[in-house]
Amino acid sequence: MTRAISLHDVSKSYTHGVRVVDRLSLDIEPGEFLVLLGPSGSGKSTVLRMIAGLEEIDEGELLLDGEYANDLRPGERQLAMVFQNFALYKNMTSRDNIGFPLRIESPDTDPGPRVEATARMLGIEDLLDRFPAQLSGGERQRVAMGRAIARRPAVFLMDEPLSNLDAKLRNHLRAEISGLTRELGVTTVYVTHDQAEAMSLGDRVAVMRAGVLQQVGTPRSVYALPRNVFVAAFIGRPRINLLRGVVHAPLGGAMAISLGKQYLRLPEPLSLDHQLLRVQQGREVIVGLRSEAVRIAGRASAALPGEVRITGLVEHLEFQGHEMLVHFNTGSHPAVVPDLEGPRPDRPVRRRRRHDLATVLDRLLSRAGALRAGPVATLEHPADDEADPAPPEGQVLQRAALPGDLIVRTAPDLGLRHGMQVRLLVDLAHLFVFDQHGERICPAPARLPQLED
Ligand code: ADP
Ligand code: MG
């Protein structure tokens with residue numbers, strides 16, 4: 001059994017006037033695996049809890065299979081929830097933990113067969129007689145999942161169920177969750193802040209920022225055609241290069257986008273997409289280049305049709321084993337996207353100041369990055385960190401603070417060294433241009449209709 005879930009203009013405030021979920025509309029199909037993706041504090045858990053009935057909906061409607069469900073009690077919604085902190089009863093064995101909801105539901109039925117069938121499905125038959133303290137993190141999470149599955153719910157709601165586990169186990173359980181939910185055909189809403197997890201699990205991904213749904217689409221489509229600069233930057237690693245540019249479209253002359261000291265000259269005749277840039281003449285835009293849009297030109301290699309040349313100075317090399325991330329200085333200015341990692345900028349969290357060496361270094365680097373980037377007049381919340389330059393707890397150096405303004409992925413053995421001047425070829429077919437408000441201009445919204453959803 002499975003259900004359709006619809007949210008129509010759903011809003012939620014905890015403090016008067018501040019919407020943590022703002023008019024969110026979303027239709028989830030029966031059997032679909034939908035991932036809610038967004039930075040911490042963007043309202044994902046609140047959405048999930050409203051679907052579960054654990055949080056009241058202030059405005060808007062929740063429909064389950066087309067029926068108005070705002071007022072249904074959680075127990076009437078036929079859904080099961082799995083949380084990050086998989087709470088198992090300490091004094092019960094796995095068998096009793098899994099069977100517990102079944103006993104509550106129908107006290108006269110022996111839960112044994114259901115529990116065993118569930119355990120077989122999860123490969124945890126051997127663990128049924130152990131207590132939680134005798135289980136590893138991954139085993140506990142499997143038992144917790146067993147408890148959710150045993151009731152054969154129509155909907156799974158999962159809130160960062162894997163974030164407490166180590167990377168290897170996370171990958172393993174990710175594959176298991178994917179297989180299991182598909183096998184059961186149960187509608188699943190899965191919350192995560194991890195874009196890689198979202199991309200690998202979801203039939204569709206719904207990207208949230210500060211309580212507002214930004215875009216819903218297949219992993220492929222949100223990657224290939226992000227609606228705005230936030231989605232472009234949130235999805236994909238290494239993170240898309242975002243550079244501040246100005247459009248130059250002289251009458252009769254070749255059109256170009258200046259990136260600091262260099263130009264991207266757009267080839268004539270202009271493609272349909274590039275023609276759209278004419279109206280941006282003289283305006284600031286944000287140029288987005290994913291690392292696959294730029295390649296290093298060998299000594300002999302000429303630009304292919306659709307490629308334009310720029311140069312970059314190697315500033316930093318990140319060896320990754322199978323590849324190298326090369327940080328170039330091209331003399332351009334990185335655009336800063338607010339909200340990417342942390343809480344909403346309109347309600348900054350006061351951060352505890354630390355004075356260890358790493359923090360001081362972080363601060364200096366982010367200041368240097370901010371200086372180089374200059375004021376970001378083109379985006380909504382400039383210089384969010386002005387008042388307190390310390391990065392959020394636990395956050396490593398931000399990309400913008402690292403040396404170089406353009407990160408390119410290459411083979412690990414190109415022999416590049418710090419300080420080299422290198423010719424780069426930019427593939428204009430992979431060029432993104434966003435307007436001053438961060439909305440995508442190129443590729444045009446109407447292009448590739450099969451990808452836009
Ligand atoms: P996410 O799951 O995306 O990290 P949440 O839905 O938990 O985000 O929270 C969204 C916003 O609502 C955050 O700013 C959070 O501080 C706030 N919030 C969440 N729960 C409560 C609550 N019970 N009372 C007040 N504010 C809350
Ligand atoms: Mg959450």
Side-chain angles (χ1 to χ4, degrees), residues 5 7 9-26 28 33-60 62 70 74 79-87 141 144-145 148 155-165 170 173-174 177 188-199 201-202 204-216 222 228 230-231 233-235 337-352 380-381 384-385 388 391-395:
I5 304 169
L7 297 157
D9 278 331
V10 165
S11 296
K12 175 79 192 174
S13 311
Y14 290 111
T15 7
H16 185 70
V18 186
R19 283 182 169 164
V20 299
V21 175
D22 194 0
R23 283 164 294 180
L24 181 130
S25 295
L26 188 58
I28 306 165
F33 196 118
L34 182 110
V35 178
L36 276 179
L37 172 70
S40 165
S42 56
K44 308 177 299 292
S45 295
T46 304
V47 172
L48 208 67
R49 292 170 60 80
M50 287 192 286
I51 297 173
L54 300 173
E55 209 70 74
E56 208 173 308
I57 295 172
D58 290 349
E59 286 170 54
L62 168 71
N70 288 39
L79 37 80
M81 204 152 167
V82 183
F83 297 97
Q84 178 176 342
N85 312 312
F86 28 91
Q141 189 63 323
M145 219 124 62
V155 175
F156 277 140
L157 303 177
M158 305 201 187
D159 195 346
E160 316 234 11
L162 306 181
S163 0
N164 282 348
L165 307 174
R170 209 157 52 219
L173 279 180
R174 198 193 275 174
I177 288 179
T188 305
V189 187
Y190 186 104
V191 162
T192 183
H193 65 274
D194 177 344
Q195 59 92 33
E197 193 164 289
M199 300 292 268
L201 275 175
R204 285 190 304 159
V205 177
V207 185
M208 291 189 65
R209 172 201 196 180
V212 178
L213 185 63
Q214 305 290 305
Q215 185 168 2
V216 191
V222 289
N228 57 37
F230 175 82
V231 176
F234 203 77
I235 288 177
V337 185
D339 276 3
L340 267 185
E341 321 272 3
R344 302 161 51 133
D346 54 341
R347 288 176 299 132
V349 176
R350 283 282 108 200
R351 293 159 191 152
R352 194 157 44 85
E380 303 150 60
H381 303 289
D384 164 30
D385 254 347
D388 181 355
E393 293 292 329
Q395 185 176 324

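We count ligands from 1, going down the list as the structure has it; atoms in each ligand are counted the same way.
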Between S45 and the Mg ion (ligand 2), is there a contact where an N/O/S atom of the residue lies under 2.8 Å from the metal? yes
Return the CG to CD distance between N70 and E56, rounded to the nearest 0.5 Å. 9.0 Å
Has G211 got any heavy atom lying under 4.0 angstrom from an atom of ligand 1? no
Ligand 1 to S40, heavy atom cutoff 4.0 Å, flagged ligand atoms 4 (O)
Stepwise, does the salt bridge (charged side-chain N to carboxylate O under 4.0 Å, His left out) test hold for R23 with D9? CA-CA 4 Å; R23 283 164 294 180; D9 278 331; over 6 Å; no
How does V20 reach ligand 1, by side chain, by backbone, by both or by neither, if only non-hydrogen atoms under 4.0 Å count? side chain
Does G38 reach ligand 1, in the sense of a heavy atom lying below 4.0 Å from it? no
Using the rule side-chain contact (heavy atoms from CB on, under 4.5 Å), only one of V35, V189, I177 pairs with M158; which is it? I177
Please identify which atoms of ligand 1 are closer than 4.0 Å to at least one heavy atom of S45. 1 (P), 2 (O), 6 (O), 7 (O)
Flag the pair E197 / E160 as yes when at least one side-chain heavy-atom distance between them is below 4.5 Å, and no otherwise. no
Minimum-distance pair of heavy atoms, taken over all atoms of L37 and H193: CD1-C, 3.7 Å
In the structure I gave you, are the side-chain heavy atoms of R209 and P338 within less than 4.5 Å of one another anywhere? yes
Could you list which atoms of ligand 1 come closer than 4.0 Å to a heavy atom of P39? 3 (O)
